[in-house]
Amino acid sequence: GGHHQRPGGAGSAVVARPSWLRRRWPIAAAVVVAAVPLAALLAAWVTARSEAGTRWLLAQAPGLEVSGVHGALLGDTLRIDSLRWQGTAQQPTVQIDGLQWTGPLWRIGPHTHAWVGLALEQLQAARVQLHSAASPSPAAAPEHLRLPFTLQVAQARVDELQVDEQ
């Protein structure tokens with residue numbers, strides 16, 4: 001006996017997709033791909049607008065230790081009681097006490113070599129200590145001082161500056 005199956009019956013492996021799904025999946029994939037970086041940017045923006053978020057962001061910077069953060073990176077003012085940066089053994093150590101800035105203006109991609117720029121109305125510090133890296137021979141002068149960011153300060157004040165003092 002010939003046993004016949006009906007189309008779409010129990011033995012059928014063909015699954016029909018709605019035509020609207022076949023036409024729109026590339027658009028849906030593009031939306032998802034675009035949404036991920038946009039969500040990350042939005043999360044960073046929201047984080048940088050709060051004091052707790054600013055503390056968290058600063059804690060992620062390699063070699064940077066901060067305490068007494070008041071304000072936000074994207075707020076009108078930011079005050080940090082103590083900021084210390086220690087790079088590699090060939091880099092200096094910087095300690096800043098009583099750091100405060102007002103009127104920040106952030107820019108993305110201010111020029112070809114910089115990915116971010118910051119302009120400040122005022123930047124002040126109670127004390128800045130700079131300790132050069134220990135080196136048996138004098139360091140060679142750098143060929144360029146290009147940094148991946150720009151900083152413009154309209155008015156700056158440092159009450160006390162110490163360079164290589166114990």
Side-chain angles (χ1 to χ4, degrees), residues 27-166:
I27 295 170
V31 167
V32 169
V33 167
V36 170
L38 288 175
L41 284 172
L42 179 61
W45 182 76
V46 168
T47 301
R49 292 194 60 79
S50 73
E51 193 169 294
T54 294
R55 271 195 296 274
W56 182 84
L57 285 171
L58 293 173
Q60 306 313 304
L64 187 64
E65 297 174 23
V66 296
S67 65
V69 175
H70 310 279
L73 286 169
L74 295 180
D76 293 333
T77 62
L78 177 65
R79 192 173 81 243
I80 299 174
D81 294 340
S82 177
L83 179 146
R84 179 180 177 85
W85 180 78
Q86 171 66 58
T88 66
Q90 296 80 28
Q91 295 174 320
T93 300
V94 178
Q95 171 75 38
I96 303 174
D97 297 318
L99 176 68
Q100 183 171 335
W101 78 36
T102 57
L105 175 62
W106 293 90
R107 290 180 299 178
I108 302 298
H111 65 73
T112 308
H113 301 290
W115 54 273
V116 69
L118 173 60
L120 299 171
E121 290 176 10
Q122 186 175 40
L123 177 65
Q124 58 190 74
R127 182 172 63 173
V128 176
Q129 295 175 295
L130 176 66
H131 298 283
S132 299
S135 174
S137 61
E143 292 183 24
H144 64 79
L145 293 175
R146 268 191 227 121
L147 297 174
F149 63 90
T150 63
L151 177 63
Q152 297 174 327
V153 180
Q155 182 181 7
R157 186 179 101 206
V158 175
D159 295 337
E160 183 182 345
L161 174 64
Q162 295 178 348
V163 179
D164 291 331
E165 293 182 18
Q166 300 302 325

Trainee: With a 4.5 Å cut-off on side-chain heavy atoms, are Leu120 and Leu151 touching?
Mentor: yes

Trainee: Does any pair with a residue in residues 112-121 pass salt bridge (charged side-chain N to carboxylate O under 4.0 Å, His left out), and if so which ones, sequence neighbours excluded?
Mentor: none

Trainee: Do Asp164 and Leu130 make a side-chain contact, defined as non-hydrogen atoms from C-beta onward lying under 4.5 Å apart?
Mentor: no

Trainee: Return the CZ to NE2 distance between Phe149 and His111, rounded to the nearest 0.5 Å.
Mentor: 10.0 Å

Trainee: If I compare all heavy atoms of His70 with all of Gly68, which pair ends up nearest, and what's the gap?
Mentor: CD2-O, 3.0 Å

Trainee: Does Gln122 use its side chain to pair, donor to acceptor, with the backbone of Gln155 at less than 3.5 Å?
Mentor: no

Trainee: Is the side chain of Trp85 donor-acceptor paired with the backbone N or O of Leu64 at a distance under 3.5 Å, no angle test?
Mentor: no

Trainee: Step by step, work out the side chain to side chain contact (heavy atoms under 4.5 Å, CB included) result for Leu58 and Ile80.
Mentor: CA-CA 11 Å; Leu58 293 173; Ile80 299 174; 4.0 Å; yes

Trainee: Provide the closest heavy-atom pair for Gly117 versus Thr150 in the form atom of the first, atom of the second, distance.
Mentor: CA-OG1, 3.1 Å

Trainee: Between the main-chain N or O of Arg127 and the side-chain N or O of Asp159, is there a donor-acceptor pair closer than 3.5 Å?
Mentor: no

Trainee: With sequence neighbours left out, write down each residue that passes side chain to side chain contact (heavy atoms under 4.5 Å, CB included) with Ser82, or none if nothing qualifies.
Mentor: Ser67, Gln95, Asp97

Trainee: Any heavy-atom pair between the side chains of Arg157 and Gln100 that's under 4.5 Å?
Mentor: no

Trainee: Between Trp106 and Ala119, is there a donor-acceptor pair closer than 3.5 Å when you use the side chain of the first and the backbone of the second?
Mentor: no

Trainee: Could you measure the distance from the CD atom of Gln86 to the OG1 atom of Thr93? Nearest 0.5 Å is fine.
Mentor: 3.0 Å

Trainee: Go through it in stages, so that I can follow the logic: the residues are Gln162 and Gln129, the test is side-chain hydrogen bond (donor to acceptor under 3.5 Å, both in side chains), and I'd like the CA-CA distance, side-chain angles, deciding distance and then a yes or no.
Mentor: CA-CA 5 Å; Gln162 295 178 348; Gln129 295 175 295; 2.7 Å; yes

Trainee: According to salt bridge (charged side-chain N to carboxylate O under 4.0 Å, His left out), does anything in residues 60-89 pair up with another residue at least two apart or in another chain? List the pairs.
Mentor: none

Trainee: Show your reasoning for whether side chain to side chain contact (heavy atoms under 4.5 Å, CB included) applies to Thr47 and Thr54.
Mentor: CA-CA 7 Å; Thr47 301; Thr54 294; over 6 Å; no

Trainee: Closest approach of Trp115 and Pro148, non-hydrogen atoms and distance?
Mentor: CD1-O, 2.8 Å

Trainee: Would you indicate whether the side-chain heavy atoms of Trp101 and Val153 approach each other to under 4.5 Å?
Mentor: no

Trainee: Looking only at heavy atoms, which two atoms of Pro104 and Leu118 are closest? And how far apart?
Mentor: CB-CD1, 3.8 Å

